[in-house]
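Below is one structure, written out as structure tokens, with a few remarks after it.
The analysis underlying the following values was restricted to heavy atoms, covering all of them including side chains, and did not include hydrogens, waters or symmetry mates. Whatever order the structure lists them in is the order used to number ligands and atoms, beginning at 1.
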Amino acid sequence: VHDMLGRLRFALHYGLGFVFLVLHPVFGDVSYSIPEERKRGYVIGNIAKDLGLDPGQLSARKARIDTEDNTIQYCSVNLNTGNLVVQERIDREGLCAKKASCVLKQELVLENPLELHRISIRVQDINDNSPQFKEDSLRIEIRESAIKGARFLLDEAHDGDIGENAVQGYSLQQNDHFKLNVQIKDGGQKYCELVLDKELDREDKNEIVLLLTAFDGGSPQRSGTVVIHVTVLDANDNAPVFSQAVYKASLPENSPLETLVITVSATDADEGVNGEITYGFNHVSGEYNNVFSLQPKTGEVRVAGAIDFEKTSSYEIQISAKDGLGLASYANLIIEVSDINDNAPVIYLKSLSNPVPENVSPGTEVGIINVQDRDSGENKQVRCSIQQNVPFKLVPSIKNYYSVVSTGQLDRELVSDYNITITATDKGSPPLSSSKSVQLSVADINDNPPVFEEQSYSAYVSENNKAGSSLCSVTARDPDWRQNGTVVYSLLAGEVNGAPVSSYVSVNGDTGVIHAVRSFDYEQLRSFKVQVMARDNGSPPLSSNVTVSVFISDVNDNCPQILYPAPEGNSFMTELVPKAAHGGSLVSKVIAVDSDSGQNAWLSYHIVKSTDPGLFTIGVHSGEIRTQRDISESDSMKQNLIVAVKDNGQPSLSATCSMYLLISDNLAEVPELKDMSYDEKNSKLTSYLIIALVCVSTFFLTFIIIILGVRFCRRRKPRLLFDGAVAIPSAYLPPNYADVDSTGTLRSTYNYDAYLTTGSRTSDFKFVTSYNDNTLPADQTLRKSPSDFAEVHSYFILSLKFVLRVDLSTHLLPTILRNSEIHFLFITIGSLFNLVLLCSFTVHSFPAITHFP
Ligand SMILES: *[C@@H]1O[C@H](CO)[C@@H](O)[C@H](O)[C@H]1NC(C)=O
Ligand SMILES: *[C@@H]1O[C@H](CO)[C@@H](O)[C@H](O)[C@H]1NC(C)=O
Ligand SMILES: *[C@@H]1O[C@H](CO)[C@@H](O)[C@H](O)[C@H]1NC(C)=O
């Protein structure tokens, strides 16, 4: 059925066409089909025949080809033959481009009658166009990092022809890297892609030239080519590479800044930014940045800071080289620093016994030092020394330790501080040295006793000084330190006259000034010695002693004291002067003593007043009263002399006494002896006194007589001792009266002793016993006495009065003593003592007394 319908349709179709052609002969259309690009004059067909026209009429009918719209007239009619020929070039591509059917419409116009025939000329394509690419060459840039299978779209090739004559396929020149992948678009066009079949390497081949051919399906086949320039773009696939894995350099320490140490270099196969290398240190912290610098572009390593061997002797630095996109590689840079002797030795004082006691024995370690040199090798070897003039030396110990050892005895009092200078020198070249000063103090030891400035001291003081007055000062020096040298003075215990020395003087412990504690009395004490000790405050303390002699000098503070005759007023003494006395004979003697000494006790005697001035003289110094001329009958029987005794002091002191002289050969002749000798004022007291005296005298006389009787019976060997002169018993005289010198002045030594006895009866007794051995020498005679017994008696009286006077002059109870009862008591006691005294005298002096006629 289909087949039938197809045939039917075909038949219908052509049949209708035929019909149409037949039905419209005048206006009938003809169509032709011609290939394009026919030459001019190419006969398309015989139109006359086809239209059934008489070709002879054609020219008559002015047959011509017209276009519908007066465009280009492609064909013309040969009027002779009726052939339709090509007039103009017919280019299908120009007329219809890519249209599948290209029909050129022309009209054949005939006149007379006018006839119009349409002529359709179907232009058939011929393969007259080659496939063509837009450009001759194509540039593609592919990064070398592109992976396999990557596609790169290529330009299409164009062919003006259509159908089979259009582009049918592509082919790619054989190459290592790419394949071609042809694709068909929706419209049926074909295009192609370049597919990377093998990775690129710019460093291997940086440009690839490919030839792409497009071909059509015409016959003969036509083709077009394009050159593809594949530029392989660099990918940063190459890291920089250092020329050495390890760079080594050496550098002396202390190299100046900017010193070139080494230049490192690296290469990078990449190009451009990828091959631009930047050098740097590969470390996180900036620890080397201040020591070395690395020029980022040139790779120069320079000194940028202090190179100190002692701090770092070698540097190991990782350096990096990086290209522009950050690929890096690394190398090690080892810089050895060589030592320079740039460090002086340093001395450290490790320990020091400061202060060191002065008594340390030589060889004692007083300190330890340590010497260090930060350099190395020879530069590190150090010699140590100590300066010469100190008693210390260095003793090397382990390693760099030295002991500071004393070499001699120290003496703080000579050198108390030492500056010990220790010098250390290394063996570098040039050598460096340093020194250290060590202050060492010497501590004190109490090794010096205080020393007095003088061997002994003497102090002179006048008697009657004020208590508390200073006598002298002693000074002792102690060179020790502080309390070891602080001197304290003190008195050493001792006795002066049986009293502790401290009751005489005191010493100021700090100043050494010696003060009198009491007022001194020369008459009691002439000199004494005290021991003063100077002691320091050390522990144990040291001390030394010195003797201070205190000499008391005399002051004329004592009046002469007339011992005989008794002072005026109390005297009832009368001297008998024989009438036959010749001129110059000794009548009596004034005996005076002065407790002072020297000039102050140098007595002179003067007769101040006398009954008969021409009769008696007195020896100025002896006190002896002598007749100046022979006694004459005309001379008054009673002679009265007032004698003044003066000492030689400044001012001089004096005493006076009266001397009653009776020119008579017989005591019985003396009238009113009592009146003359004794002025009784206090009769009651005196009567008691007399009674007492008489009792004592009686007793005494009895005693004497008994003794004398006994003696006379035994042996009778009379020998005149006194040469008829009156002997003054030593009992009431000061002791050693025998030592009266030519001047008649008693020696002061005994004056003192005499006064000592006054205060104490026992002393009085002692005094007697101590001098009773002294027999009275001849020069103590006064004169011949008519009655020895009377003389003895008178001595007795004298002594009694002496005692009495002493009692009265006692300083102890001056007011009480004025009381007459007490006075009497003293008299009585004094008498009794006197009695005892006399007895004792008699017993001891018996041999002498036995010579009394
Ligand atoms: C010891 O050294 C110090 C400081 O160096 C100085 O003041 C002092 O006077 C020196 N002493 C002696 C005794 O040289
Ligand atoms: C005094 O000497 C003693 C040793 O005799 C000593 O121990 C003491 O430190 C010294 N005192 C002073 C103040 O130096
Ligand atoms: C000083 O005298 C005292 C007491 O007599 C004595 O103990 C001491 O040893 C004496 N000192 C000297 C240094 O003679």
Side-chain angles (χ1 to χ4, degrees), residues 349 351-368 390-392 403-420 437-459 461 470-518 525-551:
L349 185 61
S351 81
L352 181 67
S353 330
N354 191 19
V356 55
E358 57 181 326
N359 64 350
V360 294
S361 51
T364 304
E365 180 181 87
V366 299
I368 295 172
V390 292
F392 297 100
S403 300
V404 182
V405 166
S406 68
T407 57
Q409 198 65 53
L410 305 180
D411 187 358
R412 191 201 67 82
E413 285 73 38
L414 284 178
V415 186
S416 64
D417 290 286
Y418 287 99
N419 268 359
I420 305 175
S437 204
V438 177
Q439 311 280 320
L440 189 67
S441 304
V442 182
D444 188 43
I445 293 291
N446 191 20
D447 56 351
N448 287 287
V451 173
F452 282 98
E453 284 181 342
E454 285 167 42
Q455 298 266 312
S456 63
Y457 290 85
S458 300
V461 59
S470 72
L471 302 180
C472 69
S473 75
V474 296
T475 312
R477 307 243 173 254
D478 188 333
D480 286 325
W481 180 244
R482 295 265 164 86
Q483 66 257 37
N484 290 340
T486 306
V487 179
V488 176
Y489 303 93
S490 58
L491 281 181
L492 284 180
E495 288 201 345
V496 174
N497 277 342
V501 74
S502 58
S503 63
Y504 284 85
V505 290
S506 67
V507 65
N508 185 317
D510 296 331
T511 61
V513 175
I514 296 177
H515 296 275
V517 169
R518 58 160 78 162
L525 183 60
R526 310 274 174 76
S527 70
F528 57 95
K529 292 185 178 189
V530 295
Q531 292 271 313
V532 176
M533 178 167 75
R535 185 175 50 84
D536 59 29
N537 271 337
S539 133
L542 297 176
S543 67
S544 58
N545 299 339
V546 76
T547 304
V548 179
S549 307
V550 180
F551 295 101

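Between N354 and V438, every side-chain heavy-atom pair lies at or beyond the 4.5 Å cut-off. Residues V415 and V442 fail the side-chain proximity criterion, which asks for heavy atoms closer than 4.5 Å. Proximity of F392 to L440: side-chain heavy atoms (C-beta onward) are separated by under 4.5 Å at one or more points.
Looking from atom 5 (O) of ligand 3 to the surrounding protein, the closest heavy atom is L492 CD1, 4.2 Å. Remark: minimum distance from atom 13 (C) of ligand 3 to any protein heavy atom is reached at S543 O, 3.5 Å. Nearest to atom 12 (C) of ligand 2 among the protein's heavy atoms is N484 ND2, 3.5 Å.
Of the options T486, L542, N537, D444, the smallest heavy-atom separation from atom 9 (O) of ligand 2 is shown by D444.
Taking a cut-off of under 4.0 Å to the non-hydrogen atoms of Q483, the atoms of ligand 2 that pass are 13 (C). Numbered from 1 in the order shown, with element, the atoms of ligand 2 that lie under 4.0 Å from a heavy atom of W481 read 13 (C), 14 (O). Every atom of ligand 3 is numbered from 1 in the order shown, and the set under 4.0 Å from a heavy atom of S544 is 13 (C). Near R482, meaning under 4.0 Å from any of its heavy atoms, are these atoms of ligand 2: 13 (C).
For R412 (side chain) and P479 (main-chain N/O), a donor-acceptor pair under 3.5 Å exists by modelled atom type. S351 places no side-chain N or O within donor-acceptor distance of the main-chain N or O of G367, the cut-off being under 3.5 Å. Judged by distance alone, with hydrogens and angles left aside, the side-chain atoms of N448 form no donor-acceptor pair with the main-chain N or O of D478 at under 3.5 Å.
Of the candidates V530, T547, V474, Y457 forms a side-chain contact (heavy atoms from CB on, under 4.5 Å) with just one, namely V474.
Taking distance alone, with nitrogen or oxygen atoms compared against 3.5 Å, N545 approaches ligand 3 more closely than that limit.
By the definition of a contact as any protein heavy atom under 4.0 Å away, atom 7 (O) of ligand 2 is not in contact.
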